[in-house]
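This report concerns only the one structure given below.
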Amino acid sequence: MEHRRKGLTMKLAVAVAAIAAVQGVIYFAILDRTVGASQWFGGAPAGQTAFRVAVLRSDASAKLNPDHPESYFDLARQWEAILSQEHTPYRIVNDRDLARGLANSADVLVLPWAVCLDDAQRNSIQSFVTSGKGLVLSGATGARAADCSWKGWDTLGKLTGLKSPSATSTLAQLVGAYTGGNFYSGSVPAGYRLSLANREVVMGDAAKPDIYAADYRLRPLESAPGGTLAIHGVRGRGRFVWLGFSENTPAKDPSERGILNAYLFSAVQWAGRRPVAAVANWPKAAGSAVVVAARVVDPRTAQSTMAALRANQVRATFFLDGRTASQAPELVRSLAGQGEIASSGDTPDSFADQAVSRQTARLTDARRRMQNGGGLNLAGFAPPDSLWDDGTVAALRHAGFAYYLDRVAGTRAVPELIAAPAVSFLPVRQVPLARLEAPFADDFEAMAESPLDPPADRLWRDFQIVEKTGGAYTLSFRSDLLGSPENAPALENLLRGIKRHGVWMATGSEMAEWWIRHERVHTDVRQVNDHRIRLAVSNSGSRPVSDTSVYVYLPAAPSRLRVTALLGTGIPHYAVNQDGVLRLDFPKLAARASYLCLISMDEK
């Protein structure tokens with residue numbers, strides 16, 4: 001009897017285990033098809049469906065440089081490195097493969113500088129993209145026949161809509177500036193400047209360029225024909241991304257190479273209708289930001305400056321040197337009530353080329369004078385004559401500053417965080433120093449550039465340029481020039497116009513603090529199936545982040561969309577525009593917290 005009971009118990013246990021196993025398989029199958037949480041079933045990584053990329057390696061185009069054909073083949077190798085790093089399946093195709101057509105063997109076709117094409121290849125490319133596939137192409141695509149004889153720009157124009165294209169290699173200081181609010185914005189800082197000096201490039205004319213030829217102030221380069229260096233768009237049912245420079249453009253450092261590679265991979269994702277996510281640069285999804293930086297040179301003109309700011313309810317950052325501050329303590333307290341006080345040093349003398357210890361002593365002295373006079377917490381610094389060096393950065397850390405203005409060596413239109421040196425005995429990460437990049441003209445430079453034009457007009461045009469990049473504009477002026485009594489009405493009008501554009505107005509400290517928190521917010525977006533996308537948003541910082549928005553560039557504009565919260569509190573407010581860009585607004589991201597959303601599109 002006991003033996004029979006044990007036998008029944010064993011059979012029951014086996015049955016329960018079998019049922020549990022079946023339920024587990026069903027559970028993981030459902031999980032894999034809904035939120036993409038496992039890799040138990042092989043194939044594509046969890047949360048992703050199969051994604052195939054074809055990269056052209058053209059022997060015909062390599063003949064353009066018969067002495068060094070490897071310089072062309074390096075382009076395909078660059079793409080292989082990028083795709084391998086991102087664990088994206090790809091295959092190399094040749095001229096014959098392209099002529100026969102790729103049919104359904106690839107989701108994205110990459111054409112690196114494919115200049116020499118025959119008619120069958122042109123037709124194959126056109127059919128591929130119009131059928132709904134993705135195309136990433138560079139340079140003068142199809143401008144020459146299969147034997148590399150000149151044919152014209154028709155192929156490039158038909159594929160991209162680029163107008164009046166032309167090739168040049170004569171611009172010694174060419175810089176490509178990225179505009180903002182695009183599929184690559186999660187990988188490329190707004191207004192980032194890519195050095196293209198002494199390189200062959202193709203430029204043309206387009207209404208909304210992704211990258212345009214610019215000078216170091218982000219202004220469009222007048223000597224560049226057309227000026228468009230990259231665009232994206234739709235052809236037929238497919239998507240394309242075109243860039244007018246080579247994918248292996250030399251980078252000055254690993255960071256620049258990393259940003260360029262990230263842009264190129266984002267192009268593949270977007271063209272292939274893969275979801276791409278980006279954290280909005282500014283609170284409440286403001287399109288751009290503005291810091292008003294007033295340099296108080298003559299205390300007698302400060303009152304008119306403050307009146308113009310009060311009239312528009314704008315808080316500013318006032319930069320004074322220690323000598324001026326110590327002579328007018330009451331003024332310092334009044335200015336602090338209108339924004340924040342920051343330092344321009346102990347005296348107007350330059351800091352660059354001095355020993356770190358000397359610079360630290362000067363900064364400490366300037367800070368002491370200002371804090372003793374007004375009981376203020378001094379956080380910002382603007383180098384006299386805009387001159388600084390690596391020693392200045394170290395001295396700012398030693399003296400306890402949080403940020404500084406860089407009006408000379410900027411590479412982007414958003415702040416850049418300079419990590420503190422690692423210290424082994426500190427258990428927590430030190431707060432980075434923020435560099436507020438502000439290469440824009442101030443009122444004095446605007447007057448020197450255009451003596452016959454009001455300086456406020458030049459500053460307004462510069463603001464509009466930065467606004468298109470989605471970056472931060474620093475409105476820099478002197479209290480005795482644009483802030484003077486006779487020019488105060490122009491300053492008021494300028495501030496009024498800027499505020500009408502719905503920008504985020506911030507002091508230097510607010511900008512630095514926001515960017516430190518912003519850089520701790522990360523996203524991860526995965527396509528689960530044709531109708532579902534999983535979005536993870538995390539805040540790795542030690543402080544909460546308020547009024548943050550995340551943009552998701554969807555595979556297509558859905559007619560119906562629903563967002564479900566899987567992890568975290570509440571469903572964020574969301575809306576999708578006609579271009580298929582979903583915006584999710586998070587009122588508050590808690591410190592060291594993660595949020596998981598499921599985006600459902602056109603589900604039956």
Side-chain angles (χ1 to χ4, degrees), residues 291-303 305-306 316-410 415 418 420 431-439 442-445 474 476-481 483 507-512:
V291 172
V292 177
R295 183 183 174 193
V296 179
V297 180
D298 184 352
R300 294 171 298 181
T301 59
Q303 296 301 325
T305 299
M306 288 193 291
T317 300
F318 299 95
F319 290 93
L320 299 84
D321 61 46
R323 183 182 302 168
T324 302
S326 62
Q327 292 173 353
E330 290 298 325
L331 173 63
V332 171
R333 284 189 284 271
S334 297
L335 293 173
Q338 191 64 46
E340 73 163 333
I341 300 296
S343 174
S344 57
D346 54 343
T347 68
D349 298 331
S350 173
F351 276 65
D353 298 327
Q354 293 185 344
V356 175
S357 58
R358 174 58 181 156
Q359 295 192 51
T360 302
R362 292 182 60 188
L363 288 167
T364 302
D365 179 64
R367 190 170 189 175
R368 177 186 56 77
R369 290 191 192 187
M370 211 162 301
Q371 290 179 334
N372 288 346
L376 308 169
N377 180 27
L378 206 63
F381 175 66
D385 300 323
S386 301
L387 298 177
W388 59 275
D389 57 18
D390 291 341
T392 311
V393 175
L396 287 167
R397 291 192 189 281
H398 297 331
F401 283 79
Y403 72 92
Y404 70 101
L405 287 187
D406 180 4
R407 302 194 60 244
V408 177
I418 305 172
V431 176
L433 181 69
R435 177 164 61 210
L436 306 190
E437 313 224 1
D442 62 15
D443 53 350
F444 182 81
E445 292 164 331
T474 303
S476 301
F477 63 91
R478 295 164 54 115
S479 64
D480 59 345
L481 286 179
T507 65
S509 290
E510 290 167 346
M511 176 70 69

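Computed from a predicted model, the values in this text were never measured in an experiment.
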(message) Using the rule given for salt bridge (Lys or Arg N to Asp or Glu O under 4.0 Å), can you reason through Arg300 versus Asp480, listing the C-alpha separation, both sets of side-chain angles and the distance that settles it, and then say yes or no?
(response) CA-CA 8 Å; Arg300 294 171 298 181; Asp480 59 345; over 6 Å; no
(message) Working to the nearest 0.5 angstrom, can you tell me the gap between Arg362 CZ and Asp346 CG?
(response) 4.0 Å
(request) Using distance alone, with no hydrogens and no angle criterion, decide if Asp298 and Thr301 have a side-chain donor and acceptor under 3.5 Å apart. (result) no
(request) Answer yes if the side chains of Gln359 and Asp389 hold a donor-acceptor pair under 3.5 Å, and no otherwise. (result) yes
(message) Strictly below 4.0 Å, N to O, side chains only: are Asp442 and Arg407 in salt-bridge contact?
(response) yes
(request) Find out whether Asp443 and Ser476 are in side-chain contact, i.e. whether some heavy atom of one side chain is under 4.5 Å from a heavy atom of the other. (result) no
(message) In the structure I gave you, are the side-chain heavy atoms of Leu335 and Phe319 within less than 4.5 Å of one another anywhere?
(response) no
(message) I'd like to know whether Asp365 forms a salt bridge (Lys or Arg N to Asp or Glu O under 4.0 Å) with Arg368, so could you lay out the CA-CA distance, the side-chain angles of the two residues, the decisive distance to 0.1 Å, and finally the verdict.
(response) CA-CA 5 Å; Asp365 179 64; Arg368 177 186 56 77; 2.4 Å; yes
(message) Would you say the rings of Phe351 and Phe381 are close, in the sense that their centroids are separated by under 6.0 Å?
(response) yes
(request) Evaluate side-chain contact (heavy atoms from CB on, under 4.5 Å) for Gln303 paired with Leu331, printing each intermediate quantity in order. (result) CA-CA 9 Å; Gln303 296 301 325; Leu331 173 63; 4.2 Å; yes
(request) Verify the neighbour count for atom CG of Asp353: are there more than 12 heavy atoms of other residues, nucleotides or ligands below 6.0 Å? (result) no
(message) Using a 6.0 Å distance limit plus a 45 degree cone around the ring axis, check whether Arg367 lies over the aromatic ring of Phe401.
(response) yes
